[in-house]
Amino acid sequence: MKKLIKAAITSVNSYVPDYILDNDELASMVDTSDEWIMSRTGIKERHILKGNGKGVSYMASNAVEGLLEKSNTSPDEIGLLICGTVTADYHFPATANLICDKVGIKNAFSYDINAACSSFIYSLITASKFIETGAYNKVIVVGADKMSSIVDYSDRTTCVLFGDAAAAVLLEPTKEDVGIMDSILRSDGSGAFHLYQKAGGSVKPPSHESIDAKEHFVYQEGQPVFKFAVTKMADVSVEIMKKNNLSAEDVTWLVPHQANLRIIDATAKRMGIRKEQVMINIQKYGNTTSATIPLCLANWEQQLKKGDNLILSAFGGGFTWGSIYLKWAYNS
Ligand code: UT7
């Protein structure tokens with residue numbers, strides 16, 4: 001069905017903390033090496049948020065503040081803010097509420113969405129519906145994670161993978177032939193226990209035992225997750241191309257979740273697209289979970305042109321995965 005009003009990204013902005021944790025420093029902390037990390041993941045360094053009392057809302061509000069400024073938007077114009085995150089400041093209230101308070105957004109409602117590494121694409125599609133129905137005119141979607149707060153820096157199998165970052169987009173209505181054209185989102189809870197945080201929720205509230213057992217950190221069975229990620233991200237990316245009659249040459253950019261360079265390469269290969277058509281910044285930031293995709297958009301904003309065909313694809317814990325087809329809405 002053709003949409004009368006589409007939701008278009010009209011601005012993007014990111015915030016990345018200053019401190020850089022590189023592979024050599026990690027090799028002084030755990031039994032690993034730059035060679036292993038680069039060859040298995042493609043990650044060279046990641047940014048880490050330092051400082052007591054600074055959580056996701058600190059990074060996200062910096063990203064949102066910059067977004068409002070560069071798009072000449074007053075906080076009063078925003079009707080809804082959604083924050084995609086797995087490392088919320090608190091279990092409750094929602095980090096989105098705290099972000100709004102920090103940046104002076106007072107006429108909006110706001111909430112968090114947690115779909116692990118797919119949080120941003122889930123949030124973007126949820127937000128787009130409020131625009132497409134005509135209910136709201138300016139909606140902000142943030143993807144932000146402080147993965148360093150749930151990573152065990154004595155576990156070499158996970159600590160090399162993740163970093164901290166936030167990035168935000170502004171969504172507005174358009175009647176032009178740009179904006180979010182289509183999406184496919186999926187989840188499968190039977191994969192939940194391959195990638196999760198064992199304690200801290202209602203099944204296993206925090207206790208001395210859970211802390212001693214290190215159950216408040218990311219737990220990941222790398223290989224099964226890798227297999228699912230390669231298959232599902234590639235399948236859904238090809239599916240959305242077919243559904244929209246897009247050939248490999250029609251795709252200007254693939255914007256993939258940055259979990260592992262080998263997963264990104266496999267997805268691009270299945271789609272039949274060249275490496276030059278793929279946004280890759282995993283070497284600089286690692287896996288920033290909810291922030292990877294908007295961070296790519298922010299990094300590539302200057303090169304993006306109105307009408308460019310973008311495929312956004314993600315895979316994450318849950319399992320969750322999906323693809324979005326959008327036409328870029330502006331020239332910088
Ligand atoms: O974003 C959310 C979704 N998450 C993902 O998509 C992540 C998917 N999984 C992966 O990206 C990969 O499975 C990892 C990067 C996590 C691991 O790579 P792998 O090629 O699957 O390695 P592996 O787990 O099979 O481990 C191979 C070997 C093991 O040693 P042995 O048993 O062969 O002696 C590990 O103990 O590498 C060892 N190893 C390491 N060695 C040096 C694991 N981590 C490290 C390390 N440095 N950091």
Side-chain angles (χ1 to χ4, degrees), residues 21-46 84-87 113-122 143-148 150-165 185-197 217-237 255-268 270 279-283 285-296 312-323:
L21 174 60
D22 65 19
N23 289 350
D24 291 335
E25 187 177 350
L26 274 171
S28 72
M29 295 157 64
V30 289
D31 182 13
T32 191
S33 64
D34 177 57
E35 197 280 325
W36 191 95
I37 303 170
M38 278 301 283
S39 62
R40 299 291 178 121
T41 70
I43 302 167
K44 190 86 190 158
E45 54 193 37
R46 64 291 288 142
T85 188
V86 299
T87 50
I113 288 182
N114 179 343
C117 296
S118 306
S119 295
F120 181 77
I121 60 168
Y122 271 47
D145 268 303
K146 183 182 169 185
M147 293 306 290
S148 62
I150 56 166
V151 162
D152 175 2
Y153 285 96
S154 66
D155 173 11
R156 70 176 183 173
T157 67
T158 51
C159 75
V160 302
L161 304 173
F162 297 100
D164 303 336
L185 300 179
R186 299 269 157 72
S187 62
D188 177 359
S190 69
F193 304 111
H194 294 299
L195 174 52
Y196 74 121
Q197 186 177 321
F217 294 123
V218 174
Y219 169 82
Q220 175 169 258
E221 293 160 7
Q223 285 201 358
V225 177
F226 184 89
K227 275 185 203 142
F228 266 90
V230 165
T231 312
K232 297 297 183 188
M233 221 166 100
D235 282 355
V236 81
S237 306
V255 193
H257 171 53
Q258 315 274 314
N260 188 317
L261 188 56
R262 291 183 286 147
I263 299 173
I264 296 172
D265 287 345
T267 303
R270 275 280 303 284
M279 293 188 190
I280 298 170
N281 59 13
I282 190 171
Q283 70 282 1
Y285 304 114
N287 182 350
T288 57
T289 304
S290 309
T292 57
I293 288 178
L295 188 56
C296 279
L312 281 45
S313 291
F315 178 88
F319 290 134
T320 57
W321 67 98
S323 267

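Computed from a predicted structure; not experimentally measured. Remember, it's 1-based here, ligands and their atoms both numbered in the order they're listed.
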Query raised in the report: Is ligand 1 under 4.0 Å from a heavy atom in the side chain of Asn287, in the backbone, in both, or in neither?
Result: side chain

Report task. For Thr85 and Asp145, test the side chains for any donor-to-acceptor distance below 3.5 angstrom and give the result as yes or no. Result -> yes

Query - Side-chain H-bond candidate by donor/acceptor type, Thr267 with Ser237, under 3.5 Å - result: no

Report summary line: Nearest non-hydrogen protein atom to atom 25 (O) of ligand 1, with distance, is Gln223 NE2, 2.5 Å

Query - Aromatic plane relationship, Phe319 with Phe228 - under 30° parallel, 30 to 60° tilted, over 60° perpendicular - result: tilted

Report summary line: So for Ile263 against ligand 1, with non-hydrogen atoms under 4.0 Å, the contacting part is side chain

Report task. State the atoms of ligand 1, each with its element, that fall below the 4.0 Å cut-off from a heavy-atom position in Arg40. Result -> 19 (P), 20 (O), 22 (O), 27 (C)

Query raised in the report: Hey, is atom 21 (O) of ligand 1 under 4.0 Å from any protein heavy atom?
Result: yes

Query - ligand 1 versus Trp36: contacting region, heavy-atom distance under 4.0 Å - result: side chain

**Report entry** 4.5 Å side-chain heavy-atom contact, Phe226 and Asn260
**Finding:** yes

Report task. Work out whether the distance between some heavy atom of Ile37 and some atom of ligand 1 is less than 4.0 Å. Result -> no

Query raised in the report: Can you name the closest pair of heavy atoms from Ile282 and Thr41 and give their distance?
Result: CD1-O, 3.7 Å

Query raised in the report: How about atom 7 (C) of ligand 1: does it have a protein heavy atom within less than 4.0 Å?
Result: yes

Query - Nearest option to atom 2 (C) of ligand 1, as decided by whichever heavy atom of Ser39, Cys117, Cys159 sits closest - result: Cys117

Query - Check against side chain to side chain contact (heavy atoms under 4.5 Å, CB included), Leu295 and Gln258 - result: CA-CA 10 Å; Leu295 188 56; Gln258 315 274 314; over 6 Å; no

Report task. Please could you name the atoms of ligand 1 that Thr32 approaches to less than 4.0 Å, counting only its heavy atoms? Result -> 42 (C), 46 (C), 47 (N), 48 (N)

Query raised in the report: Can you tell which part of Asn260 has a heavy atom less than 4.0 Å from ligand 1: side chain, backbone, both or neither?
Result: side chain

Query raised in the report: Measuring to protein heavy atoms, does anything land under 4.0 Å from atom 32 (O) of ligand 1?
Result: no

Query raised in the report: Would you say Gly222 has any N or O atom under 3.5 Å from an N or O of ligand 1, going by distance alone?
Result: yes

Query raised in the report: Any N/O of Ser33 closer than 3.5 Å to an N/O of ligand 1?
Result: no

Query raised in the report: Under 3.5 Å, side chain of Ser118 to main-chain N/O of Thr320, donor-acceptor pair present?
Result: yes

Report summary line: ligand 1 to Arg262, heavy atom cutoff 4.0 Å, flagged ligand atoms 18 (O), 19 (P), 20 (O)

**Report entry** Carboxylate-amine/guanidinium contact Lys44 Asp34, below 4.0 Å
**Finding:** yes

Report summary line: Of all protein heavy atoms, the one nearest atom 38 (C) of ligand 1 is Arg156 NH2, 3.7 Å

